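In what follows, a structure is listed as structure tokens, so that the remarks can point back to it.
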Amino acid sequence: MATKTTIDQLEKQVGDTVTLQGWVYNSRASGKIIFIILRDGTGRCQCVIEKDENTESFFADVKKLAQESALALTGVVSKEERATGGFELKVTDATIVHAAGDYPITPKPHGIEFLMKHRHLWFRSQRQWHILRVRATVIDQIRRFFNDNGFLLMDTPLFAPAAGEGAQTLFQVDYFGDPVFLAQTGQLYLEAACMAHRKVYCFGPTFRAEKSKTRRHLTEFWMVEPEIAFASLSDVIDLSEDLLCSIVDRVLRDHLDDLEALDRNIDELHAIKKPFHRITYTEAADLLRGSKAKALLERDLVEKNARVEELNALIEELDATTKAQGVKQWKKDKAIAEVIDRREERSELEEQIRNIPHHMELAANFEWGSDLGGSDETIISRLHDRPVAVTHYPKRVKAFYMREDRTNDDVVECVDVLAPQGFGEIIGGSAREEDYDRLLRRIGEEKLDRNDYEWYLDLRRFGSVPHGGFGLGVERTVAWICNLKHIRETIPYPRMMGKFYP
RNA sequence: UCCCCGAUAGCUCAAUUGGUAGAGCGAGCGGCUGUUAACCGCUAGGUCGUAGGUUCGAAUCCUACUCGGGGAGCCA
């Protein structure tokens, strides 16, 4: 009797007769031998069926199975260098669990619209499988980090009566006839909770009705928010460093194979160590206006133009291959697929090249007082090899609850942590205003309705202390760690502007 | 809300620039004993996003709309 096992256990079972249950990832057959790449959720394994007296009863049926058909295969495990994964199952028995119909996602290139429509099937594909494994570990490490460091989980409501920050970007829902909003942060509730439990965090989905269709935005995403009583801005930054380092270390420990499959530069991740760079907004503004930023963009322009030339030549060459006589079809297929990729790269570069002069202008003419734009963040993060904590933004571009700098009323004690390699903001946090009068004044200045914040003002009436925290976006973190161009691949079912299927 | 790009077979793309709509993959049938996105032969598969316009003639040119992609603003 063969024992049931999974593909991730095969290295301990060489020589044994085992049963694998899984799905046909790909299959190739000739007259008397079938190669099935079986995937079982834990990995992929090549299974070989040779036609003989043992296999005759099912050989023809298995040979006909379409991609993603489900089956159980029994056979002897061997080490096999020729096979993907390094192991092979020589099949002696097979049970067809379900013969699949015409599976839409073939092992050929597909467009993003098609893949998104088939997200429920797409995440069976190899690359998506690796990404979602890393996501699960990132989330697990976040929970562990806080649980192991004395933080208490405090769930905050998803139905919220008023805005946390700005009301324009909230989803309104009908709550038994009353309008309420889907929460875009649990922070205010956490501030109350940290006065009861000192160190707390919340972790859950959050909703933003921002009308942005970019690679960095989802309307529903996951955010973890810690909040600590008796904490200064510097304590908040220390915590963000420790958290990010622990996430990166854990992923490097447990997911090297996934990162390699995703073509992630591992050295760049190994470089993520404390301390991060800390600069003030004012220093960032100087940096933007300075010669380093200018030189970076000028070099960019030269390099990107050179790359476009390179791509032009490459595309021409590949095009010739696809049209040449006597070239094997699979070589043409590969050339066509590469042409598509290279053209996409080229059109992206061309857009970037078009934007660079504008970005240079924005950076060179950056005025103290305005918020850092996306291109500004990219410049700052690319001028550093580790994450950068940018602190002390002008008061008027930040939220009302942020603590005013007691030495300079124009700025607040806040921090944005920018991921390296131009990935941009993954953390936003601050020390919170603990002074009753100052907070009340800020509520007035922002023209918020004081009545909505009476309970929040209570926190400044009864044992108010300095406190602070931050929010970390899970999807942006995963995109950075996995080096993904687009955030939509970091969550099983992405919700974006105008998209909620499947 | 604004700017740029796109829409042709189930999928990914061609169509000599205005002159009879084509290939690969996938699907079906047949062949092949070590394949790595296997290979070889045959078959089926189309209201060229929608609606107008220009023209002897439109997938191709023009206008509007719809949908999608990328970016700006805003943000994690």
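This structure is a prediction, so every number in the text was calculated from the model and none was measured. The sequence lines fix the lettering, A, B, ..., with proteins before strands; numbering per chain opens at 1.
Residue Met497(A) contributes atom CE, which lies 13 Å from atom C1' of G68(B) at whole-angstrom precision. One interatomic measurement links the two molecules: NZ of Lys213(A) to C1' of A72(B), which rounds to 13 Å at whole-angstrom precision.
Residue Asp102(A) places its side chain closer to G26(B) than to any other of G26(B), A38(B), G68(B).
Of the side-chain N and O atoms in Lys108(A), none sit less than 4.0 angstrom from OP1 or OP2 of A23(B). Using a 4.0 Å cut-off, some side-chain N or O of Arg28(A) falls inside it from OP1 or OP2 of A38(B). Contact annotation: His486(A) reaches the phosphate of G70(B) (side-chain N/O to OP1 or OP2, under 4.0 Å).
Remark: RNA chain B forms stems of 3 or more consecutive Watson-Crick or G-U wobble pairs, all pair distances under 3.5 Å, at B:1-7 with B:66-72, B:10-13 with B:22-25, B:27-31 with B:39-43, B:49-53 with B:61-65.
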Task: Summary of protein contacts for nucleotides 43-50 of chain B, nucleotide by nucleotide, where a base hit scores B, a sugar-phosphate-only hit scores S (4.0 Å, heavy atoms) - done: --------
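Scanning for ring-ring contact (aromatic ring centres under 6.0 Å, His included) contacts around His277(A) gives His384(A), with sequence neighbours left out.
Regarding the sugar-base torsion, U54(B) falls in the anti class, its angle being beyond 90° of 0.
To the nearest 0.5 Å, the span separating CG on Leu38(A) from OH on Tyr25(A) amounts to 12.5 Å.
At a cut-off of 3.5 angstrom, the base of G71(B) holds no donor-acceptor pair with the side chain of Gln352(A). Donor-acceptor pairing under 3.5 Å, judged by distance alone, is absent between the side chain of His110(A) and the base of C11(B).
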